[in-house]
**Student:** 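Before I ask anything, here is the structure I am working with.
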Amino acid sequence: MANTRRTTKKGAATQTNEAMFAGSMPVASDLTPFQILAPDGKPVREDLIPDLDLVEDMYRGMSRLRHLDDKFMSLFKSQRLGNYAQFGGQEASQFGSAMALNRQTDYIAPMYRNTAAMITHGWSIQNAIMYWRGHPEGWRLPDTANILPVIISIPGQVLHAAGAALGLKAQGTGGVVMTYVGEGGTSQGDVHAAINFASARKDPCVFIIENNGWAISVPRQVQSGVDYLVRRSVGYDIPGYLVDGNDILAVNTVSKKAVQDARDGKGPSLIEHMTYRIRPHTTGDDPKAYRDENAEPEFWRKERDPIARVKKFLTLEKRWNDDREVAMVAEIETEFQAALEAADQVASPRPEALLEYVWQNDVWQIKEQREILKRRVAQMEGA
Amino acid sequence: MANTRRTTKKGAATQTNEAMFAGSMPVASDLTPFQILAPDGKPVREDLIPDLDLVEDMYRGMSRLRHLDDKFMSLFKSQRLGNYAQFGGQEASQFGSAMALNRQTDYIAPMYRNTAAMITHGWSIQNAIMYWRGHPEGWRLPDTANILPVIISIPGQVLHAAGAALGLKAQGTGGVVMTYVGEGGTSQGDVHAAINFASARKDPCVFIIENNGWAISVPRQVQSGVDYLVRRSVGYDIPGYLVDGNDILAVNTVSKKAVQDARDGKGPSLIEHMTYRIRPHTTGDDPKAYRDENAEPEFWRKERDPIARVKKFLTLEKRWNDDREVAMVAEIETEFQAALEAADQVASPRPEALLEYVWQNDVWQIKEQREILKRRVAQMEGA
Amino acid sequence: MMTQVLEKATETKTMTLLQALTDAMDVMLAKDPKVVMYGEDVGRLGGVYRVTTGLQGKHGEHRVFDCPLTEAGIIGTAVGAAAVGMRPVVELQFGGFMMQGFDQIFSHVSRFRYRSRGRWSTPLVIRFPFGGGKSLLEQHADSPETYLMHTPGIKVAIPSNPYDAKGMLIAAIEDNDPVVFFESIYLYREPSARMDVPTGYYTVPLGQARVAREGSDVTLVTIGTMVHTCLAAAEQAAKAGIQCEVIDLRTVVPLDMETVVASVAKTGRVVVVHEANLTLGPGAEIAALIQEKCFYELEAPVLRVASFDTMPSPFNSLNHYSRPEAHHVAEAIKNVLSA
Amino acid sequence: MMTQVLEKATETKTMTLLQALTDAMDVMLAKDPKVVMYGEDVGRLGGVYRVTTGLQGKHGEHRVFDCPLTEAGIIGTAVGAAAVGMRPVVELQFGGFMMQGFDQIFSHVSRFRYRSRGRWSTPLVIRFPFGGGKSLLEQHADSPETYLMHTPGIKVAIPSNPYDAKGMLIAAIEDNDPVVFFESIYLYREPSARMDVPTGYYTVPLGQARVAREGSDVTLVTIGTMVHTCLAAAEQAAKAGIQCEVIDLRTVVPLDMETVVASVAKTGRVVVVHEANLTLGPGAEIAALIQEKCFYELEAPVLRVASFDTMPSPFNSLNHYSRPEAHHVAEAIKNVLSA
Ligand SMILES: Cc1ncc(C[n+]2csc(CCOP(=O)(O)OP(=O)(O)O)c2C)c(N)n1
Ligand SMILES: Cc1ncc(C[n+]2csc(CCOP(=O)(O)OP(=O)(O)O)c2C)c(N)n1
Ligand SMILES: [Mg+2]
Ligand SMILES: [Mg+2]
């Protein structure tokens with residue numbers, strides 16, 4: 001009875017195509033990344049250029065972060081840092097978005113590449129150095145900053161963000177949560193679960209996809225058949241924004257809007273920053289094994305640098321010159337050296353740190369293991 | 001440096017709204033479920049009415065399935081069946097889609113409510129009875145039917161479907177995989193992972209959302225903020241179809257199209273069947289605890305029944321009358337009684353079944369446990 | 001039977017395990033505004049087992065609510081909500097569905113405090129019905145305690161009676177560690193397990209085993225539903241003059257080995273009984289610890305009675321061959337005595 | 001050192017563990033067209049550890065390919081692909097990320113045959129680097145064997161040397177049961193662990209332990225990287241006149257208790273050593289079984305040396321205090337002898 005296959009009476013049902021079904025989803029429309037400044041530093045949206053003091057702050061902030069990223073890479077090379085996930089090239093994406101938050105009320109749920117966003121939201125450089133050294137005191141997140149733990153397992157943080165948003169709303173704090181995920185990470189089911197959860201409840205959460213083109217060696221196209229991941233916003237009926245992630249003015253403008261909407265009870269937004277990982281995946285990675293370092297990355301390094309773009313703009317606006325640059329770099333370097341020295345002066349990790357903070361009060365196994373640890377430490381010191 | 005908040009120079013950036021961003025996702029367009037037959041049995045798309053023999057087969061098929069669902073409910077009441085997940089009301093959705101498959105080459109990856117789709121694809125009624133009795137022989141899937149195991153844990157089957165599609169494509173069999181998930185199940189991350197995986201690779205898979213309005217007691221609106229879940233197709237750049245799931249002609253037409261596309265190497269489609277769970281969630285559920293059984297469900301039972309709709313059409317077309325109905329019901333009942341008798345005659349489960357099929361060759365623990373089992377069986381027989 | 005003494009006399013009411021759990025949640029929703037409860041069907045319906053019945057109506061939709069169908073979402077959001085100051089009590093529909101969200105437990109619930117060096121903790125409770133003994137579908141009868149016991153940083157509570165259930169659930173909600181709370185499907189409404197339970201607030205500390213029956217010949221170490229199975233076996237054995245001590249662990253994390261060791265010192269013979277399948281079930285750790293800590297007291301090997309190493313049987317009429325029954329335990333008692 | 005005898009003389013080549021694994025996959029891709037390999041970065045890059053280096057180039061993009069970043073997707077699709085006749089060999093980037101797909105393992109990989117009564121099986125291999133000893137980020141050093149050992153229906157292979165690695169991986173790919181294959185990050189390129197490995201096809205059966213060193217005083221039962229740690233401890237002990245027998249289990253499922261029991265019959269003293277954290281680590285089951293099966297042979301309790309009950313230490317400079325080292329095992333040997 002089943003599987004009967006016949007020619008159709010009126011001949012049509014075998015020649016159907018999508019267009020003829022009333023219920024067919026419309027073909028994807030064009031989408032262009034939102035931009036305020038062109039790569040040559042010239043405004044494409046004069047009407048959206050903010051106060052130049054703010055633009056200068058953005059330039060200084062990004063320069064400081066890039067300097068830090070450079071320094072971290074050389075610390076790794078000289079074995080004064082562990083394996084580190086660079087954010088270089090993504091300064092506009094992280095600084096421009098995180099600066100849209102209110103540090104007192106708002107939270108960040110970061111992933112491993114969000115050192116820039118975390119520092120923007122109140123992590124200290126010294127803390128960051130020690131974290132990437134694998135020093136327990138570096139793992140101690142500051143009480144003064146609303147930064148949830150750095151997540152390595154992709155994309156745990158997006159669910160924490162949705163949950164923190166639920167919690168903040170329940171407490172009526174007016175706080176907003178911002179979280180980041182790589183374009184590779186969007187293939188994980190949890191990203192869907194989180195966005196759907198938060199949007200069904202209209203909780204105050206901003207989801208940012210940092211599309212830097214690569215997931216280690218896997219290019220964007222392997223992750224999904226769709227051109228822009230932000231198209232998924234339609235599936236949750238939340239605002240979605242495609243943004244030139246190397247244009248900090250565009251990034252910041254959209255982030256502010258999304259944060260304000262979240263604060264106003266309008267629920268989450270999904271934002272895709274089109275940016276680029278100009279550096280290796282981590283300091284342990286060698287991209288030559290999978291991409292031509294003189295092709296695409298070179299273009300982004302030279303032609304699409306988010307910092308150079310703002311510098312060009314400020315120079316055109318006569319707000320910037322070489323003297324200022326020299327002074328700024330000196331200032332940044334001084335700050336960094338001070339942080340590095342402070343980090344260097346922190347005592348080596350205490351072995352006891354291994355057994356702290358597992359349960360609030362130690363179960364007996366932890367107590368027994370602490371005795372074992374003491375013996376081992378004594379042995380090592382004896383040896 | 002961060003968190004600088006100033007008034008903007010040109011005053012605009014604080015008053016932005018979605019519409020002004022070039023990269024904003026367009027506002028959701030209207031979407032109407034695809035329909036060929038109206039609820040009153042009158043064609044709304046004359047051009048798509050197939051051969052009446054086929055329509056009659058559909059009517060007979062759905063009637064047979066509804067009869068089965070009724071019988072299963074009464075078997076449960078008389079304790080001759082375990083807890084059972086009814087598909088009543090979803091006959092068009094399951095029969096109409098599964099009949100679009102080729103039984104020889106194509107696969108179904110079913111969930112617990114897909115008894116109708118499974119029978120359409122070659123499961124026997126006897127097998128179904130024994131499955132829902134918790135009889136090991138009922139769990140034995142027939143070698144002759146390409147039906148993957150029934151999945152209880154939502155929504156495991158969608159990933160199996162994506163994987164089977166990968167496997168069939170690799171083997172060049174031309175086969176297609178069809179899988180089903182409830183609208184509640186679409187909130188799970190794995191649904192996203194599966195659709196994204198299959199669509200990135202263009203594997204031959206058809207994903208059907210059976211939107212029956214309820215996930216046990218949880219109504220559709222709690223699952224997501226979007227009006228139709230099929231809008232998610234846009235996020236994978238695959239065809240998406242919203243279908244009147246109680247119109248078997250519409251269901252079958254769209255399924256055929258999606259199956260043919262998959263077979264032709266065009267990759268997966270996402271289909272949403274708007275239907276309704278006219279019955280309790282399972283035989284163990286009492287919907288009075290969470291919905292007014294005289295409101296919404298009554299409307300669907302009376303006004304939107306998928307079987308009544310085709311009957312009206314066939315009657316209008318003079319292809320159906322009471323005599324035929326009486327003969328058909330007798331035939332169906334005879335078939336069912338034969339299957340029930342056959343099931344009743346199967347010997348009680350052998351205790352040894354407990355320890356079979358865990359590993360291909362028993363590990364020693366299984367061998368030891370078989371000895372224990374033998375002793376326990378002997379004891380029980382002795383007692 | 002209770003080792004707990006209430007500080008002051010309170011009113012009591014006869015309750016099933018299920019009613020005691022509902023009552024615990026009612027008390028905590030009233031006491032602490034940070035407590036929220038969510039999951040699949042917990043709101044309007046009151047849960048598929050009706051454990052949250054009435055709570056939404058009484059405490060409001062912002063305190064007790066249904067959420068999208070996603071265990072990863074339920075657990076993962078509870079982590080974030082707990083971090084920012086809530087006390088989420090989330091329900092999974094069955095223990096067998098915990099795995100859909102297990103990455104959040106393994107990677108985050110258990111590690112937030114360690115990972116942030118105390119800056120963030122995750123004071124949440126994950127509740128679910130577990131275990132067999134009823135004829136249910138596949139994945140409705142799992143006993144997944146191993147996966148949690150091996151994962152540091154979590155507490156695991158498995159009450160065996162209404163009094164403990166209420167006191168332990170209140171303690172769990174107030175605990176600053178994440179607690180996974182196992183609720184026996186078999187005992188939920190079991191009339192024979194009903195008992196008098198104080199109506200107000202009280203706690204039963206997590207980590208203290210209970211001697212459910214005293215005895216000097218054999219120690220039965222067990223948990224949850226199996227406490228009753230062991231008590232029945234002990235009853236039988238008593239008729240043959242064998243005195244079994246039955247230890248209800250109450251929690252497997254923390255694991256109260258002091259109570260176990262004290263009993264073994266007395267009896268020298270132990271049978272561990274649980275519903276989870278044998279290999280690397282909780283009994284493995286308990287047996288390994290007993291042989292280590294009581295080597296010279298043991299007069300026979302520690303025996304284990306557990307379900308077979310298969311998935312929990314979905315074959316209704318065969319279930320009782322695999323899942324421990326009193327006469328299986330009785331056989332082990334005989335064996336441990338004759339070793 | 002090898003207990004295996006090759007049926008016919010074949011050419012050999014000196015290989016690291018990593019090279020032996022690559023070679024095994026190369027052999028099987030050539031031998032069986034149903035074998036496909038996928039995962040994150042396994043194609044163009046050849047995996048983050050380069051275990052699949054060259055395989056895509058040699059066997060084509062349809063045999064070895066990158067897929068979207070989703071462990072549930074990788075494992076779940078492998079289940080479906082295996083059911084319809086493929087032999088998927090999938091890579092997870094680290095053992096710590098298995099949990100993102102663990103529901104598919106727990107609910108489906110392990111249950112497909114049982115659930116369909118033999119109609120469908122899941123002959124797939126899930127490979128991943130695991131364990132510590134290198135300074136890596138969090139979730140890059142986990143040893144999740146417990147979660148798999150307790151889940152029936154899966155085999156779990158953890159080779160300790162290049163010869164076994166190749167032979168066991170080929171056996172795993174040919175096995176009709178799903179196999180989870182642990183690859184020691186520490187040993188991948190370890191020069192001291194290089195050895196001569198036959199260049200062609202051969203198998204090492206899954207489920208047969210190997211006596212890596214004979215001895216009569218103490219039995220060390222271990223697996224994977226820890227085999228080398230135990231051999232080093234045994235070497236040290238030998239200097240003090242103590243002869244340790246080192247048993248490399250090779251697989252924890254199936255678990256070759258015959259070899260263990262035979263050794264304990266000889267020594268009467270056992271130390272179990274593994275990288276996973278102590279509580280309910282694989283050592284719990286092994287200790288529970290030994291005390292049960294060798295009660296009268298044991299002269300001391302079975303001791304366990306394992307990592308502390310915390311997440312694997314992400315604090316690089318402290319790692320060696322928790323993860324078993326030769327001198328930790330040496331101390332346990334001393335203790336088990338003085339008990
Ligand atoms: C669950 C999980 N699987 C795999 C990995 C290994 N891994 C680390 S980074 C990475 C690529 C991530 O790419 P993307 O999400 O685009 O972020 P990006 O690194 O580019 O910032 C992978 C696969 C991981 N950290 N977590
Ligand atoms: C992973 C998982 N979580 C929870 C459940 C319990 N459960 C069974 S059916 C159901 C509702 C499913 O609703 P839907 O997906 O719409 O399918 P329907 O039952 O309506 O066909 C739930 C929550 C489950 N089976 N699996
Ligand atoms: Mg990326
Ligand atoms: Mg539904």
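Letters A, B, ... mirror the listed sequences (proteins, then strands); counts begin at 1.
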**Student:** Is D:Tyr321 in contact with chain A via its backbone, its side chain, both, or neither, using a 4.5 Å heavy-atom distance?
**Tutor:** both

**Student:** Check side chain to side chain donor-acceptor pair (under 3.5 Å) between A:His135 and all other residues, then give those that pass, not counting sequence neighbours.
**Tutor:** none

**Student:** Should A:Ile154 and D:Leu69 count as side-chain neighbours, where that means a heavy-atom distance under 4.5 Å?
**Tutor:** yes

**Student:** Quick one: pull up OG1 in D:Thr310 and OH in A:Tyr357 and give me the separation to the nearest 0.5 Å.
**Tutor:** 14.5 Å

**Student:** Heavy-atom pairs under 4.5 Å with chain A: which of D:Pro314, D:Ser317, D:Ser313 has the most?
**Tutor:** D:Pro314

**Student:** Checking heavy atoms, do the side chain of D:Met99, its backbone, both or neither come under 4.5 Å from chain A?
**Tutor:** neither

**Student:** State the CZ-CD distance between A:Arg375 and D:Glu331, to the nearest 0.5 angstrom.
**Tutor:** 4.5 Å

**Student:** Does A:Trp139 reach the side chain of D:Glu138, with side-chain heavy atoms less than 4.5 Å apart?
**Tutor:** yes

**Student:** Can you see which heavy atom on A:Gln223 is nearest to which on D:Pro68, and at what distance?
**Tutor:** OE1-CA, 3.4 Å

**Student:** When you compare the side chain of A:Ile216 with that of D:Val48, does any pair of heavy atoms fall below 4.5 Å?
**Tutor:** yes

**Student:** Using a 4.5 angstrom heavy-atom cutoff, name the option from A:Leu355, A:Ile366, A:Val150, A:Val363 with the most pairs to chain D.
**Tutor:** A:Leu355

**Student:** How many angstroms lie between CD in A:Gln369 and CG in D:Leu278, if you round to the nearest 0.5 Å?
**Tutor:** 5.5 Å

**Student:** For the residue pair D:His140 and A:Ile152, establish whether any side-chain heavy-atom pair is separated by less than 4.5 Å.
**Tutor:** yes

**Student:** Could you tell me if the side chain of A:Val218 sits less than 4.5 Å from the side chain of D:Cys67, heavy atoms only?
**Tutor:** no

**Student:** So how far is it from D:Thr279 OG1 to A:Gln365 CD, rounded to the nearest 0.5 Å?
**Tutor:** 4.5 Å

**Student:** Sort by residue number and list every member of residues 182-190 of chain A having a non-hydrogen atom under 4.5 Å from chain D.
**Tutor:** A:Gly184, A:Gly185, A:Ser187, A:Gln188, A:Asp190

**Student:** Between A:Ser153, A:Ala289, A:Gly82, which residue shows the highest count of heavy-atom pairs closer than 4.5 Å to chain D?
**Tutor:** A:Ser153

**Student:** Step through the shown structure and confirm whether more than 12 heavy atoms of other residues, nucleotides or ligands are within 6.0 Å of OH on A:Tyr228.
**Tutor:** yes

**Student:** With a 6.0 Å cut-off (strictly less than), is the heavy-atom count around CD of D:Glu61, excluding the residue itself, greater than 12?
**Tutor:** no

**Student:** Taking 4.5 Å as the heavy-atom cut-off, does anything in residues 128-137 of chain D contact chain A, and if so which residues?
**Tutor:** D:Leu137

**Student:** Find the one option among A:Arg133, A:Arg376, A:His281, A:Glu368 whose heavy-atom pairs under 4.5 Å with chain D are most numerous.
**Tutor:** A:Arg376

**Student:** How many angstroms lie between atom CD1 of A:Ile151 and atom CD of D:Gln139, to the nearest 0.5 angstrom?
**Tutor:** 8.0 Å

**Student:** So, taking the atom named CG in D:Asn319 and the one named CG in A:Leu354, what distance separates them when rounded to the nearest 0.5 Å?
**Tutor:** 8.0 Å

**Student:** Give, as side chain, backbone, both or neither, the part of D:Glu325 having an atom under 4.5 angstrom from any heavy atom of chain A.
**Tutor:** neither

**Student:** Are there residues of residues 332-339 of chain D that reach to under 4.5 Å of chain A by heavy atoms, and which ones?
**Tutor:** none

**Student:** For the candidates A:Pro136, A:Gly134, A:Ala353, which exhibits the highest count of non-hydrogen atom pairs separated by less than 4.5 Å from chain D?
**Tutor:** A:Pro136

**Student:** I need the residue from D:Gln93, D:Met311, D:Glu40, D:Glu71 with the largest number of non-hydrogen atom pairs under 4.5 Å to chain A.
**Tutor:** D:Glu71

**Student:** Is there a side-chain contact between D:Phe308 and A:Ile372 (heavy atoms, below 4.5 Å)?
**Tutor:** yes

**Student:** Name the member of A:Ala215, A:Pro351, A:Ala85, A:Pro155 that forms the most heavy-atom pairs with chain D at distances under 4.5 Å.
**Tutor:** A:Pro351

